[in-house]
Colleague: 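Mind looking over this structure? Questions follow.
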Number of protein chains: 2
Amino acid sequence: MAVKGAKSSISQRRVLDAAARIFRDSGYAGTTMRAVADEAGLQAGSLYYHYKGKDELISAVLDSGVSQVATLVKDALAALPATATGRQRIETAIEAHIAAIIAVGDYTLATRRVFGQVPQAIRTRHMRLRDAYGAFWDQLFEDVRAAGEMRPDADLKLCRLFVLGALNWTAEWYKPGAASIHDIAGTFGTLVLDGLLQPAPQPASRGRARAPRGSDHALLSTAAR
Amino acid sequence: MAVKGAKSSISQRRVLDAAARIFRDSGYAGTTMRAVADEAGLQAGSLYYHYKGKDELISAVLDSGVSQVATLVKDALAALPATATGRQRIETAIEAHIAAIIAVGDYTLATRRVFGQVPQAIRTRHMRLRDAYGAFWDQLFEDVRAAGEMRPDADLKLCRLFVLGALNWTAEWYKPGAASIHDIAGTFGTLVLDGLLQPAPQPASRGRARAPRGSDHALLSTAAR
DNA sequence: GTCTATATTCAGATAGAC
DNA sequence: GTCTATCTGAATATAGAC
């Protein structure tokens, strides 16, 4: 498994961080033990004291990435007051997820890029972790719908895939200098919750237009916290 | 460049299709000329008659993928009547994009997975194509906003990144047996255009609620937080 | 724990026969 | 156009010194 418990634990972590960066840049096959060792300030042979080989290394990177993100997002939601609205819960989850994947960007980008290339056995085992995190979002959406805040006709499974796909993509283009995580989350939250179009009545295009109505929507502030 | 014009052109294409599949499954470094040759029904050495080497091969896969998608989406939009609403145009673009990336799935998945790993020079050159396609979507969004159909406050650049990120992700999980492309596009279109939440007034979560445009009601809940 | 070897395997690319 | 054969470099992983 990913965690070995014993061993030095600090060298262990240094090697894992280095591996995440190299896997991110070079992919699975492109990552050499030499490059990881260099990045960690070691010689190639020394890695084998900490990890049995390349496969155990990538496995640890994969699992560590999701676990960290899942923990950060769940903690953020748990910190909300019990009275939080569905809107607030989803907004919080969106911002926490973006913040998390950027905080552990080396791991999430590495995962994204190598996932299709790692050996089946590793991928299958890792998928359990990912699916559990997806189920967490499914539950969040279903709770909000059960509370009556959500359009009742949406296919929530598809919506979750859509939202997480978009959120994960942020790690690819986010640059510290540009839009802040808070602003990005605000824009995405409004898009996901309220949509792009004017809520004012529009001519319906074909069947699926919802009944328009002149309601007002909350405008997510883009002001700094 | 990717296109050589001369040569056999049919073998050329067979090799390119094979390369897309292998790059998709094995990543950049993990793809061997031998594997591509196998997939194409050739011997390794024979590939070098069609492409100068691995780099020219990945370059061709990259460019061919975006080009095909861009063409399909632009054609779909061009086929709309001039009277089409912004909603219809965005819905059409969404469905066409999803259909396109699935139709050329080997290429788009390969691109997604190897992009971070190809040599800088190739990546930089290829980015011009991708950026041009992104600009096409930016223009679409801006046109719809200029027509007054869109919420005026959205950051359209961010929204475009969000939407394309989510759409591209569909190629990763789409399975022919499950939801149809049309249904997926319908769900995504509604999510992007109308949002997940009930259009009825909801308590604002943070920031201030937007001033109501219409004058037909005054139920403006105070910004709770 | 980390080092310096080194064995073994396999990659990209070329040369020249057919 | 496609083949076989081969050069050359580099990767994983191991062994054993420190």
Side-chain angles (χ1 to χ4, degrees), chain A residues 3-62 110 113-114 117-122, chain B residues 2-62 110 113-114 117-123:
Chain A
V3 186
K4 303 186 92 167
K7 302 280 159 124
S8 82
S9 179
I10 100 147
S11 284
Q12 187 99 358
R13 188 76 204 176
R14 203 173 79 231
V15 170
L16 200 59
D17 286 347
R21 285 191 291 272
I22 304 296
F23 277 122
R24 173 199 61 179
D25 291 340
S26 309
Y28 177 69
T31 290
T32 70
M33 297 302 266
R34 280 166 177 71
V36 173
D38 262 16
E39 182 80 12
L42 292 177
Q43 293 301 310
S46 309
L47 294 182
Y48 291 83
Y49 175 79
H50 299 286
Y51 294 90
K52 282 219 291 266
K54 200 179 179 178
D55 284 358
E56 197 174 292
L57 211 40
I58 188 60
S59 200
V61 168
L62 256 31
R113 288 179 186 166
V114 306
Q117 305 156 32
V118 294
Q120 254 302 329
I122 296 175
Chain B
V3 186
K4 304 187 91 167
K7 303 280 160 124
S8 81
S9 179
I10 100 146
S11 285
Q12 187 100 357
R13 187 77 204 175
R14 203 174 78 230
V15 170
L16 200 59
D17 285 346
R21 284 191 293 273
I22 304 296
F23 278 121
R24 175 199 60 180
D25 292 340
S26 308
Y28 177 69
T31 290
T32 69
M33 297 300 269
R34 282 166 177 78
V36 174
D38 262 16
E39 181 80 13
L42 292 177
Q43 294 301 311
S46 310
L47 294 182
Y48 291 83
Y49 175 79
H50 299 286
Y51 294 90
K52 281 217 291 266
K54 199 180 180 178
D55 285 358
E56 196 174 293
L57 209 41
I58 188 59
S59 200
V61 168
L62 257 31
R113 288 179 187 168
V114 306
Q117 306 156 31
V118 293
Q120 255 301 330
I122 297 176
R123 191 162 51 209

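The figures that follow rest on heavy atoms only: side chains count, while hydrogens, waters and symmetry mates do not.
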Colleague: So does B:Gln43 get a side-chain nitrogen or oxygen closer than 4.0 Å to the phosphate oxygens (OP1/OP2) of D:dT4?
Modeller: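 So the side chain of B:Gln43 is within the cut-off, an N or O lying under 4.0 Å from OP1 or OP2 of D:dT4.
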Colleague: Between A:Leu57 (CG) and D:dA13 (C1'), how many Å, whole number?
Modeller: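 Result: 14 Å.
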Colleague: What is the separation between atom NE2 on A:His50 and atom C1' on C:dC3, rounded to the nearest whole Å?
Modeller: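 In whole Å, C:dC3 C1' and A:His50 NE2 are 12 Å from each other.
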Colleague: Output the single nucleotide from D:dT2, D:dC3, C:dT2 whose closest atom is nearest the side chain of A:Arg14.
Modeller: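 So the nucleotide nearest the side chain must be C:dT2.
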Colleague: First locate atom OG of A:Ser26, then atom CZ of A:Arg21, and finally report the distance between them rounded to the nearest 0.5 Å.
Modeller: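 Going from the OG atom of A:Ser26 to the CZ atom of A:Arg21 covers 12.0 Å.
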Colleague: Go through the structure and list residues passing side chain to side chain contact (heavy atoms under 4.5 Å, CB included) with A:Asp55, not counting sequence neighbours.
Modeller: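 Here the qualifying residues are A:Tyr28, A:Pro119, A:Ile122.
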Colleague: Answer yes or no: does a side-chain N or O of A:Tyr49 lie under 4.0 Å from OP1 or OP2 of C:dG1?
Modeller: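 Result: yes.
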Colleague: Just by protein heavy atoms under 4.0 Å, how would nucleotides 9-16 of chain C read 5' to 3' in B, S and -?
Modeller: --SBBB--
Colleague: Nearest 0.5 Å, what's the NZ-CE distance between A:Lys54 and A:Met33?
Modeller: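 Atom-to-atom, A:Lys54:NZ and A:Met33:CE are 8.5 Å apart.
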Colleague: Please answer whether the main-chain N or O of B:Ala44 pairs with a side-chain N or O of B:Arg34 as donor and acceptor at a distance below 3.5 Å.
Modeller: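 Not at all, since once roles are kept as given, no pair shorter than 3.5 Å links the two residues.
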Colleague: OH of B:Tyr49 to CD of B:Gln12: how many Å apart, nearest 0.5 Å?
Modeller: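 Going from the OH atom of B:Tyr49 to the CD atom of B:Gln12 covers 9.5 Å.
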Colleague: Are the side chain of B:Arg14 and the backbone of B:Ala40 linked by a donor-acceptor contact shorter than 3.5 Å?
Modeller: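 Judged by distance alone, yes, a pair lies under 3.5 Å.
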Colleague: I need the CG-P distance between A:Asp38 and D:dA11, as an integer number of Å.
Modeller: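 Roughly 11 Å, once rounded to whole Å.
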